[in-house]
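To keep things clear, I will list the structure first and then write my remarks on it.
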Amino acid sequence: MPISLYNSLTRHTELFAPSDPARVTMYLCGPTVYNYVHIGNARGPVVFDVLARLLRRHYPHVVYARNITDVEDKINAAALKEGVPITTITDRYTQAYRDDMAGLGIAPPDIEPHATAHIGEIIAMIETLITSGHAYAAEGHVLFDVESYAAYGALSGRDTEELIAGARVEIAPYKKNPADFVLWKPSTPELAGWESPWGRGRPGWHIECSAMCAAQLGETIDIHAGGVDLLFPHHENEIAQSTCAHGGKVFARWWMHNGMLTFDGRKMSKSLGNVLLVHELLKLHPPEALRLLLLRGHYRQPLDWSDNAIAQAISTLDGWYRVLRDLEDVELPSGKLPVPARMESALCDDLNTPQALAELSQLADHARQIGTADAKAALIGGGALLGLLQQSPELWFKRGESTIDEAHVEDLLLQRRDARAERNFARADAIRDELTRLGIVIEDNAQGTRWSVVKS
RNA sequence: GGCCUGGUGGCAGAGUGGUCAUGCAGCGGCCUGCAAAGCCGCGUACGCCGGUUCGAUUCCGACCUAGGCCUCCA
């Protein structure tokens, strides 16, 4: 089944064809590790995790890189504030990031390149840019000369002239042109820095992605992804640097951008302060519901985060896991899980996860109604395409490590069973009310009584 | 001001030139000691105004409105 993907560069959905089907390359701009990430930061990783899974079913060898930017001024600021080396900060938050991503069911990327491990490549790329007339050194800085690259602005639909005319950035005196951006900047002794032909310094913001892409994936990659807020200037600058450093070679063939997560209708962002940390959310809610919520909207649209939306996602998963719990004794057919065609086709259509979720609901209905091994396998197999429904129903309904005293619950259920047997329904209902107070919901059926922890 | 997206039923959110999205919630019925779950059924949704069309939520134009980028940002 062919895959179509929207390409921000052409502004059209195009049939995806890698330049080398034997090695598909994809790069996602990862975090700058100076703090915990918020749930908006997790949208791209979740969405492109689904894309990576899709690509892996179509191509034998996919190389997916998601970088760690571990040198940046905010890291320096955090390190100075705590009075520790930057690696203390970057190590801490790199690990926190990995934990957060794993919590959301995101498979680790094939490669996790670190900016500080590519300083040599960064310096070499800057030297190439200077030699080829695309960059210049001034006062310990090296700047990219925007006028040297005619196609500058092509990705973001910007006009270089206007950028120059309307530049709101403070114009540093050493810039030839206000729109020029920094490739290398000097470090004072207390700041992290590396020796370079321009003195001791550190890389500018955009160059590390260009260097890591080239070093890890090659000069031309198939897919470059990130949040739409990175489109300008970050990705525009990456294109300029990489294209000029590689003699005009295409840098990334597909550019993919996820929409912003909003909260109260506004973009969730650190500068606005309206953020919810993944680290915290994972403790408050079932992680799978957070993942489902991030996939409920199309990746290019804005998606609004709310407690109500979390509750809806939990209810939806409750329904699906109920089906699986009812089919617990049905043995899955041996071998690999099936790939439901309708879900696959929804994802092949520019990653239409809402459509895929609608299909998953159909699969759940079907499994509930006919209860066969194949139907159960289709439901779990369909969930796997999105990274959902992969845990046991017990685990889902127990809501992870809960504080519920299971022995006490079982005891109350026995008492209620006896009360019902004596047709003492007042007593039975009182026990049920007691369980409700404990956060337990129960269901009577032919086999007995089943309980689950109420949604949180 | 420039560039770019959106405005769909109570909420979330796909999609389509003319029969169904889907999920959550709600209502009625069956089932149940009562619930829960399940099953059956229900609600005249497509910002506003024009235009094209036999027919527009879907195409075109204007308008209103929300948001994103233009500065760090996923």
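What you see is a predicted model; the values in this text were computed from it and never measured. Order of the sequence lines sets the chain letters (A, B, ...), proteins ahead of strands, with each chain counted from 1.
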Proximity to the side chain of A/Phe232 - top-ranked nucleotide from B/C70, B/A14, B/C72: B/C70

Rounded distance [0.5 Å steps], CG in A/Leu51 versus OG1 in A/Thr353: 11.5 Å

Between C1' of B/A74 and CG of A/Leu276, the distance in whole Å: 15 Å

Residue A/Asn258, side-chain atoms from C-beta onward, closest of B/C69, B/C24, B/A74: B/A74

Spacing of A/Leu261 atom CG relative to B/A74 atom C1', expressed in whole Å: 10 Å

Check: A/Asn258 main-chain N/O paired with A/Arg300 side-chain donor or acceptor under 3.5 Å: no

Nearest to side-chain heavy atoms of A/Asp229, which nucleotide of B/G13, B/C4, B/C69: B/C69

Phosphate OP1/OP2 of B/A74 contacted by A/Lys267 side-chain N/O (<4.0 Å): no

Closest to the A/Thr316 side chain, choosing from B/G23, B/C72, B/U22: B/G23

From B/G68, B/A14, B/G33, nucleotide with atom closest to A/Arg416 side chain: B/G33

Between B/G15 and B/U8 - P atom distance, rounded Å: 14 Å

Contact under 4.0 Å: A/Asn445 side-chain N or O vs B/G38 OP1/OP2: no

Any donor-acceptor N/O pair under 3.5 Å between B/G33 base and A/Asp429 side chain: yes

Nucleotide of B/C69, B/A74, B/A21 approaching A/Met260 most closely (side-chain heavy atoms): B/A74

Between B/A56 and B/C48 - P atom distance, rounded Å: 14 Å

Close side-chain approach of A/Arg202 and A/Ile119, heavy atoms under 4.5 Å: no

Reference residue A/His224; test side chain to side chain contact (heavy atoms under 4.5 Å, CB included); the match among A/Ser8, A/Ser242, A/Cys213: A/Cys213

Span that lies between the P atom of B/C46 and that of B/U19, in whole angstrom: 15 Å

Whole angstrom value for the distance that separates P of B/C24 from CG of A/Asp365: 9 Å

Side-chain donor/acceptor contact of A/Gln301 with base of B/G6 under 3.5 Å: no

A/Leu347 CG to B/A14 P, straight-line distance once rounded to whole Å: 14 Å

A/Asp70 backbone acceptor or donor facing A/Thr116 side chain under 3.5 Å: no

Base-pairing assignment for B/G33 (Watson-Crick or G-U wobble, both under 3.5 Å): none

Donor-acceptor pair present, A/Arg432 side chain and B/C34 base, under 3.5 Å: yes

hbond_proxy A/Asp304 side chain to B/C11 base (donor-acceptor, 3.5 Å cutoff): no

Base-pairing assignment for B/C24 (Watson-Crick or G-U wobble, both under 3.5 Å): B/G10

Under 3.5 Å donor-acceptor, A/Asp180 side chain and A/Leu143 backbone: no

A/Phe425 side chain, from C-beta outward: closest of B/A12, B/G33, B/G13: B/G33

Integer-rounded Å distance: B/C4 C1' and A/Leu230 CG: 16 Å

Of the listed nucleotides B/C34, B/C70, B/C39, the one nearest the side chain of A/Asp444: B/C34

A/Glu72 (side chain) donor-acceptor with A/Thr32 (main chain) under 3.5 angstrom: no

P atoms of B/G47 and B/G41, separation to the nearest Å: 29 Å

Base partner of B/U57, which must satisfy Watson-Crick or wobble distances under 3.5 Å: none

Spacing of A/Asn274 atom CG relative to B/A74 atom C1', expressed in whole Å: 13 Å

Short side-chain N/O contact from A/Arg368 to OP1 or OP2 of B/C39, under 4.0 Å: yes

Interatomic distance at C1', B/U44 relative to B/G2, whole Å: 43 Å

Nearest-nucleotide 5' precedence on RNA chain B, A/Thr32 against A/Ala358: A/Ala358

Nearest-neighbour nucleotide for the A/Gln362 side chain, B/A14, B/U22, B/C11 considered: B/U22

Minimum-distance nucleotide to A/Arg322 side chain [options: B/G38, B/C4, B/C24]: B/G38

B/G23 and B/C40, which share atom name P, separated by this distance in whole Å: 12 Å

Any A/Arg266 side-chain nitrogen or oxygen under 4.0 Å from OP1 or OP2 of B/A66: no

Whole-Å distance separating the CD atom of A/Glu236 from the C1' atom of B/C72: 18 Å

Main-chain N/O of A/Ser269 paired to A/Asn274 side chain as donor or acceptor, under 3.5 Å: yes

